[in-house]
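Values below: all heavy atoms of this structure, side chains included; hydrogens, waters and symmetry mates excluded.
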Amino acid sequence: MHLRRPPAELVARIPVAYLVFDLLALDGRSLLAQPYDRRRDVLDGLGLDAARVRVPPSTTDVPAAQLLEVARAHGLEGVVAKRRTARYEPGRRSPAWVKTALLHTQEVVIGGWTAGEGRRSATFGALLLGAYDAEGRLRYLGHVGTGFTEAALAALMARLEPLATTRSPFDDEVPRPQARRARWVRPELVGEITYRNLTHDRRLRAASWRGLRADKAPAEARLP
């Protein structure tokens, strides 16, 4: 991510492909007014599948619930559904295009927080989260900065301040961008988050806060 000229070794180790799932124009001719079925037929007819370009499959005869289970089994983010008769509407979130994301729930231990900015300058910007592995080590999982109400921010801040400590409670290294801004706390609070998936280095992707779990002890928060 964010590399303009990745070295050959990285390209070979982490291959990246461009996924093309719609076609808006061809040879200078706009296809915006065409229904999705027509745009898709033209796209499929281009023969784009190559080492760096993929046209993901589309289907019209599989129930939505079954498609979601297939996506889950393959570790995908979810399913995009388009109304087959709909034109493409640039610049707006059309109701003819619906993305259903697959979310996972995870219990986490709060190990620290980073200062907030703007309207959240009096509380925190993000919580630093972890969970325990089979050997009882607290592993860093990532951070969460969304899903908080104003009341939750204030209540959590009041719980975090008495737990302040000078050292990271995590048994592995926290990435420098988070570590240099971190305010560490004793790992005594358990929360629950949702997330889309884990990155290749086992970090939470698109995490969102759900709330504290007063019914759970920190040791019960296990790695996903």
Side-chain angles (χ1 to χ4, degrees), residues 1-106 108 126 129 141-148 175 177 192-210 223-224:
M1 188 71 75
H2 308 304
L3 294 179
R4 293 186 178 183
R5 297 179 179 85
E9 180 277 331
L10 184 61
V11 172
R13 182 164 53 89
I14 309 176
V16 175
Y18 178 48
L19 301 182
V20 183
F21 53 85
D22 208 336
L23 186 63
L24 309 187
L26 181 64
D27 296 332
R29 180 171 59 92
S30 173
L31 300 176
L32 296 179
Q34 298 294 320
Y36 176 71
D37 275 354
R38 173 58 182 159
R39 302 197 309 272
R40 182 71 195 206
D41 286 343
V42 177
L43 174 61
D44 289 340
L46 294 179
L48 292 181
D49 278 333
R52 295 284 178 253
V53 180
R54 296 282 188 273
V55 178
S58 66
T59 182
T60 60
D61 56 357
V62 178
Q66 184 177 342
L67 276 178
L68 282 172
E69 289 308 310
V70 171
R72 189 187 304 276
H74 287 272
L76 303 178
E77 289 188 21
V79 172
V80 174
K82 292 192 174 186
R83 186 177 300 126
R84 297 171 60 193
T85 59
R87 59 171 290 157
Y88 191 92
E89 302 179 66
R92 68 181 296 261
R93 187 181 293 274
S94 169
W97 182 352
V98 178
K99 180 177 180 179
T100 302
L102 289 168
L103 298 178
H104 306 273
T105 301
Q106 172 68 32
V108 290
L129 310 174
L141 276 177
H143 61 276
V144 61
T146 63
F148 302 98
E192 185 174 279
I193 54 101
T194 61
Y195 68 99
R196 287 190 181 176
N197 52 25
L198 294 175
T199 63
H200 71 279
D201 53 353
R202 299 195 63 78
R203 298 286 188 259
L204 301 166
R205 186 164 181 267
S208 181
W209 181 256
R210 294 191 68 181
L223 286 176

When you look at [atom1] of [X], are more than 12 heavy atoms from neighbouring residues, nucleotides or ligands closer to it than 6.0 Å?
{"X": "R92", "atom1": "CZ", "answer": "yes"}
{"X": "R52", "atom1": "CZ", "answer": "yes"}
{"X": "R210", "atom1": "CZ", "answer": "no"}

Just how far is it from atom [atom1] of [X] to atom [atom2] of [Y], taken to the nearest 0.5 Å?
{"X": "R93", "Y": "K99", "atom1": "CZ", "atom2": "NZ", "result": "9.5 Å"}
{"X": "Y195", "Y": "L129", "atom1": "OH", "atom2": "CG", "result": "12.0 Å"}
{"X": "I193", "Y": "T146", "atom1": "CD1", "atom2": "OG1", "result": "9.5 Å"}
{"X": "R72", "Y": "L103", "atom1": "CZ", "atom2": "CG", "result": "8.5 Å"}
{"X": "L204", "Y": "T194", "atom1": "CG", "atom2": "OG1", "result": "10.0 Å"}
{"X": "D44", "Y": "R39", "atom1": "CG", "atom2": "CZ", "result": "12.5 Å"}

Test item: N197 side-chain N/O and R205 main-chain N/O as donor-acceptor pair under 3.5 Å: no
R202 side-chain N/O to P224 backbone N/O, donor-acceptor pair under 3.5 Å: yes
Verdict with supporting geometry, L46 and V55, side-chain contact (heavy atoms from CB on, under 4.5 Å): CA-CA 10 Å; L46 294 179; V55 178; over 6 Å; no
Please examine the side chains of [Y] and [X], heavy atoms only from C-beta on, and report whether any two atoms are closer than 4.5 Å.
{"X": "V108", "Y": "V144", "value": "no"}
{"X": "K82", "Y": "S58", "value": "no"}
{"X": "V80", "Y": "V98", "value": "no"}
{"X": "L141", "Y": "L223", "value": "yes"}
{"X": "L102", "Y": "L76", "value": "no"}
{"X": "R38", "Y": "L31", "value": "no"}
{"X": "L32", "Y": "L24", "value": "yes"}

Please give me the minimum heavy-atom distance between [X] and [Y], naming the atom from each residue.
{"X": "L26", "Y": "V42", "result": "CD2-CG1, 3.6 Å"}
{"X": "G147", "Y": "S208", "result": "CA-OG, 3.8 Å"}
{"X": "H104", "Y": "R196", "result": "CD2-O, 2.9 Å"}
{"X": "R40", "Y": "F21", "result": "NH1-O, 4.0 Å"}
{"X": "Y36", "Y": "R83", "result": "CB-O, 3.7 Å"}
{"X": "P56", "Y": "V20", "result": "CD-O, 3.3 Å"}

